[in-house]
Undergrad: 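This is the structure, below, for whatever I ask next.
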Amino acid sequence: MSSACLSAASSATVGRTVRIAARARCAVRARAAVVQVRAIAVGDKVKVTQKVVVFHIPKTKGAATDLMGWEGVVDSRADDRNGVYISANLEIKVAFLVPGGDGVKTFIAHMKEDEFEVL
């Protein structure tokens with residue numbers, strides 16, 4: 001509600017109980033741009049586009065590693081638990097191959113949707 005709506009509503013209720021239906025008059029309607037975004041599904045190949053530093057890669061002994069430019073596969077979604085939405089800070093789990101490994105071992109990194117692009 002705008003400040004004009006708030007002042008009109010507050011001055012009308014001073015000293016008495018009044019039911020006010022000012023919300024419809026003072027509603028602010030913003031025009032949102034329609035953007036079609038493809039939902040990220042399990043199994044999609046992705047590439048990291050922003051700087052993401054992780055410390056839990058096997059065989060690196062806890063060294064900081066930047067994942068920018070790495071490609072991985074969406075392993076699961078952390079914001080969906082048995083069909084119920086839960087609020088997760090880093091909602092997408094992406095599996096990456098361990099560098100210098102045999103091509104079978106992977107590690108998981110939790111990421112936001114804006115930190116990578118779908119290939």
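Since the model is a prediction, treat every value here as computed from it, not as a measurement.
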Undergrad: With sequence neighbours excluded, what pairs up with V42 under the side-chain contact (heavy atoms from CB on, under 4.5 Å) test?
TA: none
Undergrad: Can you name the one residue among D44, V52, I40 that meets side chain to side chain contact (heavy atoms under 4.5 Å, CB included) with F116?
TA: I40
Undergrad: On a heavy-atom basis, which atom in I57 and which in P99 lie closest, and how many Å separate them?
TA: CG2-CD, 3.8 Å
Undergrad: Any side-chain heavy-atom pair from T60 and V54 closer than 4.5 angstrom?
TA: no
Undergrad: Search all heavy atoms of I86 against all heavy atoms of A78 and return the closest pair with its distance.
TA: CD1-O, 3.3 Å
Undergrad: Check for me, please, whether V46 and F107 land in the same ILVMFWY cluster - side-chain distances under 4.5 Å, paths through other members count.
TA: yes
Undergrad: Start with the C-alpha gap between V48 and M111, add the side-chain angles, then the distance that decides, and say whether side chain to side chain contact (heavy atoms under 4.5 Å, CB included) holds.
TA: CA-CA 9 Å; V48 181; M111 306 180 82; 3.7 Å; yes
Undergrad: Could you identify which residues cluster with F55, counting Ile, Leu, Val, Met, Phe, Trp and Tyr as linked when any side-chain heavy atoms lie under 4.5 Å apart, either directly or through a chain of such contacts?
TA: V53
Undergrad: Pairs in or reaching into residues 49-59: which pass side-chain hydrogen bond (donor to acceptor under 3.5 Å, both in side chains), with residues at least two apart or in two chains?
TA: none
Undergrad: How close do L67 and A109 get, heavy atom to heavy atom, and via which atoms?
TA: CD1-CB, 4.2 Å
Undergrad: Under 6.0 Å from the CG atom of D114, do we count more than 12 heavy atoms belonging to anything else shown?
TA: yes
Undergrad: Once side chain to side chain donor-acceptor pair (under 3.5 Å) is applied, do any residues pair with D79, and if so which ones, sequence neighbours excluded?
TA: R77
Undergrad: What pairs with K47 under side-chain contact (heavy atoms from CB on, under 4.5 Å), at least two apart in sequence or on another chain?
TA: E71, E117, L119
Undergrad: With sequence neighbours excluded, tell me which residues meet side-chain contact (heavy atoms from CB on, under 4.5 Å) with L97.
TA: T106
Undergrad: Sorted by first residue and then second, give each ring pair (Phe, Tyr, Trp, His ring centres under 6.0 Å) pair with at least one member in residues 71-95; sequence neighbours left out.
TA: none
Undergrad: Which residues, ordered by chain and number, are linked to I108 in its hydrophobic cluster, where ILVMFWY side chains connect at heavy-atom gaps below 4.5 Å, directly or through other members?
TA: none
Undergrad: Run the numbers on W70 and V94 for side chain to side chain contact (heavy atoms under 4.5 Å, CB included), then give the verdict.
TA: CA-CA 11 Å; W70 285 40; V94 181; over 6 Å; no
